[in-house]
There are 2 protein chains.
Amino acid sequence: MNKKQLIAKLSGSLNLSKADAERTFDTITNTILDALKGDDSVKIAGFGTYKVAKRKARVGRNPRTGEQIQIGASQKVKFLPAKALKEVFNK
Amino acid sequence: MNKKQLIAKLSGSLNLSKADAERTFDTITNTILDALKGDDSVKIAGFGTYKVAKRKARVGRNPRTGEQIQIGASQKVKFLPAKALKEVFNK
DNA sequence: ATTGGATATGCAGTATTTGCATATAGAAAC
DNA sequence: GTTTCTATATGCAAATACTGCATATCCAAT
């Protein structure tokens, strides 16, 4: 399912035009992103937690040539599924 | 930031009551979850992809006693941040 | 409808993460 | 205020993420 299809579904469930459904959805993702940018984590009960994970610099390898390369520190967004979410898929 | 605070923000940005903002938010998460339950992945451009990852059975360990235990296969929801999302945090 | 951009895949080898049981502390939900 | 949920901490084996890069596919926007 891609974003367009998701928006179409939401448009139906929420009784909104597709444009409004998309605006609403974007507002939500942007709000979450803003919090993450502020180095805050976002906990959503029953769904999961978004947090920014810091990754240290390390030595990697180009699998094509085998040569070693230096990989700088970076950050990425991690999503940790809530307990309820795991149970849905493992019962 | 927890769910309550998120809902409060959305209530403002979306010009909805808190109850409506929460209903809207829950509708979205439920829609995503339903897709995932159907073993579909959910791609959201500019944000990321939710997918169900199958994890193989393996040998674990009870950290309290140290004894080995067999862990069955399971499934969990994975979130893969989109490229745009990584760039936000690494520029 | 076309096109540019983003994503999935495969590869090799190492670094990192995961997840087990369980109690407690702290936070959040109702 | 009470109850439910989540983070943390522990040791350690195995799964997985990550790197460059080419290709194929797929999506989004023009």
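Below, all heavy atoms of this structure are taken into account, side chains as well, without hydrogens, waters or symmetry copies.
- Atoms CD (A:Q5) and C1' (D:dC26) sit 12 Å apart, rounded to a whole Å.
- Using a 4.5 Å heavy-atom threshold, the side chains of A:R55 and A:K76 count as touching.
- Within the 4.5 Å cutoff, the side chain of B:L80 has heavy atoms near those of the B:K51 side chain.
- Out of D:dT8, D:dT16, C:dA29, the shortest distance to the side chain of B:R55 is found at D:dT16.
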Report all interatomic pairs (protein N or O, nucleotide N or O of nucleotides 23-25 of chain D) with separations under 3.5 Å.
none

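- Atoms CD (A:E67) and C1' (D:dG20) sit 9 Å apart, rounded to a whole Å.
- One finds the CD1 atom of A:I71 at 4.0 Å from the CZ atom of A:R58 (value rounded to the nearest 0.5 Å).
- Going from atom CE of A:M1 over to atom P of D:dC27 covers 13 Å, rounded to whole Å.
- The ring of B:F47 has its center closer than 6.0 angstrom to the ring center of B:F79.
- Near-neighbour residues of DNA chain C inside residues 59-66 of chain B, defined by a heavy atom below 4.0 Å, number-ordered: B:R61, B:N62, B:P63, B:R64.
- In this structure, the separation between CG on A:L85 and CG on B:L36 is 7.5 Å, given to the nearest 0.5 Å.
- Atom-to-atom distance recorded for B:D26:CG and A:I44:CD1 is 10.0 Å, nearest 0.5 angstrom.
- Between the CD1 atom of A:I69 and the P atom of C:dC11 there is a distance of 19 Å, given to the nearest Å.
- B:T49 places none of its side-chain heavy atoms less than 4.5 Å from the side chain of B:V42.
- Checking C:dA29, C:dG19, D:dA28 against the side-chain heavy atoms of A:K4 singles out D:dA28 as nearest.
- For B:S11 (side chain) and B:L16 (main-chain N/O), a donor-acceptor pair under 3.5 Å exists by modelled atom type.
- Using a 4.0 Å heavy-atom distance criterion, A:T49 is classed as a sugar-phosphate-only contact.
- Atoms NZ (A:K43) and P (C:dG26) sit 13 Å apart, rounded to a whole Å.
- Nearest-nucleotide assignment on DNA chain D puts the 5′-proximal partner with A:K51, out of B:K56 and A:K51.
- Near DNA chain D, meaning a heavy atom under 4.0 Å from it, residues 76-85 of chain A has A:K76, A:A82, A:K83 in order of number.
- One interatomic measurement links the two molecules: NZ of A:K54 to C1' of D:dA17, which rounds to 19 Å at whole-angstrom precision.
- A:E22 places none of its side-chain heavy atoms less than 4.5 Å from the side chain of A:L6.
- Per the geometry, CD1 belonging to B:I71 stands 15 Å off P belonging to D:dC12, to the nearest Å.
- Nearest-nucleotide mapping onto DNA chain D: of A:G48 and B:I44, the residue sitting toward the 5' end is A:G48.
- A donor-acceptor distance shorter than 3.5 angstrom exists from the side chain of B:R61 to the backbone of B:G66, with no hydrogens or angles considered.
- The distance from atom CD of B:Q68 to atom P of C:dG19 is 18 Å, rounded to the nearest whole Å.
- Annotation: of the two residues near DNA chain C, B:N2 and B:R58, the 5′-most nearest-nucleotide partner is B:R58.
- Of the inter-residue distances, the one linking A:T31 atom OG1 with B:F25 atom CZ reads 9.5 Å to the nearest 0.5 angstrom.
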task = In sequence, state the C-alpha distance, the side-chain angles, and the governing distance for A:I28 and B:K9, and then conclude on side chain to side chain contact (heavy atoms under 4.5 Å, CB included).
result = CA-CA 9 Å; A:I28 293 178; B:K9 275 210 181 190; over 6 Å; no

